[in-house]
Amino acid sequence: MNLVSVRRGNGVNLNEASEFFKGRERQLIKTPISEFRIHPETGKLVLGSDEWFLTLQSMTQLSGKLGITPGYMRKIPNDLAAKNFNTFIENAQGTVQLAVEGDAVTAVLKEKTLPIEPIDVIEEMESRHNEYEVGTWFYDDFGFTIRALGVSIPTFEPRVGDIVRAGADLQILENTDLSISARGVMHRLICTNGATAVVPAELKRAIARASWREPLSRMQLAMAAMDDAMDRVIAIGKGLDRMTTMELDLPTDPDDRFTCLKSGMRELKPKRITNKDLVASIDDELRREEPTMYGLYNTLTRIGRDSRASDRRLTFENAGLGLAVEPELVFTAIHEMADTLSV
């Protein structure tokens, strides 16, 4: 299916972020699902005389609301995708909000979802400059993320001159129904790589319960969770230096090397990486890093940083923190497989 990307951006300060959002035209259009169609030739969503492309995020959301498998819809031609969508749309119940920016629908939101304006969050963060410094920011399929670093939190230095700081991602998820969230992060200054924690379930529930509140109230709720998120990753950051001493003795044979890395990736938490292409990318990128568990950690976070697909970025940044929490599990799995292959 023909899909387009959201307008992406990134930077290292809030002035750049303000410029990114300045003058943008984003609107929410409330409509019964049964009122629109998918065009069989272009794959666009058509509502009256207007039509827009879908992004991967909005297509996935629409698929979910109709009970269709998004992975299948993504792979098939426009005409077949339109036939599937329109069959379900015709008799669909309920109302949604289409988030429209430029020539694309960037989100298909619930009728009562109240997104938060990124500019409002930028202004709130600027007023808290004594508490947080901005490490970086980026805009992707899910929305706007500010990577905030605690001003008074100690730094970590796994290698001389290689500074890592604990912080929290404040996520303005305007292309999702969650609207805003926060998660812990370890931010490497030398390359702006980040290893991110999973958003706690209790925070998701708290924000969902507060979804009816005005934006400032929800912003304050998420910001209150930032300090706790930072505290959770500080203990992990203190253990980064031990990974520099855990040397990876990988086989020279390419197939054996791949097999060992795949064995290790199966032990990652919170989510294993088992896809062959993803493991192959880890294998390729690890050759640019030092042959230690710290090198593997930096490989995972660098792949995450450089990924255009939001879900891929999330997978690798979560994997980086998971590796830092329990490196021994992955280290042992890699070397046990290497020992097995050497027999």
Side-chain angles (χ1 to χ4, degrees), residues 6-28 99 101 106-107 113-155 163-176 178-197 199-200 203-204 206-207 210-211 213-234 237 305 310 313-314 317:
V6 297
R7 184 172 69 103
R8 296 177 183 273
N10 62 80
V12 295
N13 62 63
L14 294 181
N15 287 334
E16 294 172 335
S18 295
E19 286 297 317
F20 176 80
F21 291 107
K22 185 181 293 183
R24 76 163 182 166
E25 296 182 2
R26 175 184 167 95
Q27 58 179 324
L28 294 176
E101 186 173 347
T106 59
T113 293
L114 299 172
I116 294 173
E117 281 292 330
I119 287 294
D120 293 339
V121 180
I122 290 172
E123 292 176 355
E124 183 66 19
M125 284 295 292
E126 286 176 334
S127 71
R128 300 184 179 220
H129 62 87
N130 291 329
E131 302 174 55
Y132 307 110
E133 295 176 3
V134 175
T136 185
W137 64 268
F138 57 88
Y139 190 89
D140 61 13
D141 294 311
F142 302 136
F144 175 49
T145 296
I146 299 174
R147 186 150 288 173
L149 310 177
V151 171
S152 59
I153 292 177
T155 59
I163 308 298
V164 177
R165 293 181 62 181
D169 282 350
L170 182 61
Q171 299 174 283
I172 301 83
L173 303 169
E174 62 176 3
N175 291 328
T176 80
L178 189 58
S179 81
I180 194 166
S181 189
R183 64 187 180 192
V185 63
M186 289 196 300
H187 181 74
R188 190 182 182 208
L189 299 189
I190 195 171
C191 57
T192 70
N193 292 3
T196 57
V199 177
L203 177 58
K204 288 184 178 180
I207 292 174
S211 61
R213 295 182 183 176
E214 50 90 21
L216 181 59
S217 176
R218 283 178 283 147
M219 274 192 276
Q220 291 172 339
L221 177 63
M223 287 180 174
M226 290 173 67
D227 288 340
D228 182 55
M230 290 186 195
D231 289 341
R232 294 186 183 195
V233 299
I234 287 175
R305 181 201 64 192
S310 303
R313 177 174 190 147
L314 182 63
E317 290 191 339

Side chains of Arg147 and Thr192 in contact at under 4.5 Å (non-hydrogen atoms): no

Check the pair Asn175, Asp141 against side chain to side chain contact (heavy atoms under 4.5 Å, CB included), reporting the backbone distance first and the verdict last. CA-CA 7 Å; Asn175 291 328; Asp141 294 311; 5.9 Å; no

Side-chain touch Tyr132/Asp227, heavy atoms, less than 4.5 angstrom: yes

Exceeds 12 heavy-atom contacts within 6.0 angstrom, atom CD of Glu25: no

For Ser18 and Ile122 the tightest heavy-atom approach is OG-CG2, 3.5 Å

Glu124 CD to Leu14 CG distance, which is reported to the nearest 0.5 Å: 12.0 Å

CZ (Arg183) and CE (Met226) are apart, to the nearest 0.5 Å, by 11.5 Å

OG (Ser217) and CD (Gln220) are apart, to the nearest 0.5 Å, by 6.5 Å

Please tell me whether Phe144 and Phe21 form a close aromatic pair, meaning their ring centres lie under 6.0 Å apart. yes

Answer yes or no: is there a donor N or O on one side and an acceptor on the other, between the side chain of Arg26 and the main chain of Thr106, under 3.5 Å? no

Can you check whether Leu216 reaches Asp120 side chain to side chain, under 4.5 Å on heavy atoms? no

His187 and side chain to side chain contact (heavy atoms under 4.5 Å, CB included): which single residue from Val233, Thr155, Leu149 fits? Leu149

Closest contact, heavy atoms only, Asn15 versus Asn13: N-OD1, 3.1 Å

Rounded to the nearest 0.5 Å, how far does CZ of Arg165 lie from CZ of Arg188? 15.5 Å

Are the side chains of Glu117 and Pro215 in contact, using a 4.5 Å heavy-atom criterion? no

Are Phe138 and Arg8 side-chain neighbours, meaning at least one heavy-atom pair lies under 4.5 Å? no

What's the shortest heavy-atom distance between Arg218 and Arg213, and which atoms? NE-O, 2.9 Å

Less than 4.5 Å apart, any side-chain heavy atom of Ile146 and any of Val134? yes

What are the two closest non-hydrogen atoms of Pro118 and Arg24, and how far apart are they? CD-NH2, 3.5 Å

Shortest non-hydrogen pair, Ala182 vs Pro200, comes out as O-CD, 4.3 Å

Nearest heavy-atom approach of Ser181 to Val199 is OG-CG1, 3.2 Å

CG (Leu189) and OG1 (Thr136) are apart, to the nearest 0.5 Å, by 11.5 Å

So how far is it from Glu214 CD to Met219 CE, rounded to the nearest 0.5 Å? 7.5 Å

